[in-house]
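In this text, all values refer to a predicted model and were calculated from it rather than measured experimentally.
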Amino acid sequence: MAAPEPQSPELRRSLGLADALAIVIGIVIGGGIFLVPNLVAAELHSPQAILLVWVVAGVVSFFGALACAELGTMLPDTGGQYVFLREAYGSLAGFLYGWTLFTVIQCGTIAAVGVAFAKFLGVFVPWVKTSNVLFQLGSWQFSSVQ
């Protein structure tokens, strides 16, 4: 009896439309809804202008998501934007994007999420505040938020 041939590993395609929409909406709303509206409202003083900016930004984001979805169906390799850039502009562009993502882009995103978490944790846990300085080195202060 012959041994069965090993199958090549493949990603399981199990995300449907509802799953993908939930992920995108969760990221957009979770990342921006608590931090951005006050900045927009400080610059735009009418509710109509604020809503217009949000609608335009939503439409632009939707078109970007459609472009990424189209690229994802054309290039179904693992790697996302790295693969798109590598195929369009060559290996150097993909390599530079990958390292930029690793060293700058993702670090900034994680830092922003950490700042948002600490800011809103301070609402529920009064000890976590920028005014609660744990120690100070010259003019540099380290607070419980950090």
Side-chain angles (χ1 to χ4, degrees), residues 7-146:
Q7 294 180 355
S8 63
E10 285 188 27
L11 291 176
R12 191 170 50 124
R13 299 175 188 263
S14 62
L15 287 179
L17 177 63
D19 301 321
L21 283 174
I23 290 169
V24 171
I25 290 170
I27 290 169
V28 171
I29 291 174
I33 197 66
F34 295 113
L35 300 175
V36 176
N38 64 341
L39 301 173
V40 173
E43 297 296 323
L44 305 173
H45 301 293
S46 75
Q48 294 83 8
I50 294 169
L51 288 174
L52 179 66
V53 167
W54 277 92
V55 168
V56 169
V59 169
V60 170
S61 297
F62 181 69
F63 286 149
L66 287 177
C68 285
E70 183 72 23
L71 285 168
T73 57
M74 291 171 52
L75 302 168
D77 296 334
T78 303
Q81 292 173 332
Y82 162 77
V83 173
F84 307 155
L85 290 170
R86 184 191 67 205
E87 294 297 320
Y89 302 111
S91 296
L92 180 62
F95 174 80
L96 291 175
Y97 171 75
W99 275 100
T100 304
L101 178 72
F102 177 70
T103 58
V104 178
I105 299 169
Q106 284 299 104
C107 295
T109 303
I110 292 169
V113 169
V115 167
F117 176 77
K119 180 178 179 181
F120 292 108
L121 180 65
V123 172
F124 300 107
V125 180
W127 182 75
V128 180
K129 292 184 179 187
T130 54
S131 61
N132 184 16
V133 177
L134 300 176
F135 65 89
Q136 184 171 353
L137 295 170
S139 63
W140 184 75
Q141 295 180 343
F142 188 79
S143 70
S144 59
V145 168
Q146 296 163 319

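In this structure, CG in Leu85 is found 14.0 Å from CZ in Phe95, a value given to the nearest 0.5 Å. Atoms CG and CZ, from Leu96 and Arg86 in turn, are 14.0 Å apart once rounded to the nearest 0.5 Å. To the nearest 0.5 angstrom, Phe84 atom CZ is 13.0 Å from Tyr89 atom OH. With rounding to the nearest 0.5 angstrom, the CG atom of Leu101 is 9.0 Å from the SG atom of Cys107. From Gln141, atom CD reaches atom CG of Asn132 across 11.0 Å, with rounding to the nearest 0.5 Å.
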Carefully, step by step, assess Tyr97 and Tyr82 under the rule ring-ring contact (aromatic ring centres under 6.0 Å, His included). CA-CA 7 Å; Tyr97 171 75; Tyr82 162 77; 7.7 Å; no
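In terms of heavy-atom proximity, Val145 sits nearest to Thr130 at CG2-N, 3.5 Å. Between Pro76 and Thr73, the shortest heavy-atom distance links the atoms CD-O, 4.0 Å. In terms of heavy atoms, Ile50 sits closest to Leu44 at CD1-O, 3.7 Å.
The backbone N or O of Gly108 lies less than 3.5 Å from no partner atom in the side chain of Gln106, so there is not a single donor-acceptor pair. Formation of a donor-acceptor pair under 3.5 Å by the Ser144 side chain with backbone atoms of Lys129 is found in this model.
No more than 12 heavy atoms of other residues, nucleotides or ligands lie within 6.0 Å of CZ in Phe124, so this atom counts as exposed by the packing criterion. Summarising the local packing, CD of Gln136 is surrounded by more than 12 heavy atoms from other residues, nucleotides or ligands at distances under 6.0 Å.
Residues passing the side-chain hydrogen bond (donor to acceptor under 3.5 Å, both in side chains) test with Glu87, sequence neighbours excluded: none.
Relative orientation of the Phe102 and Trp99 rings is perpendicular, given thresholds of 30° and 60° on the angle between their planes.
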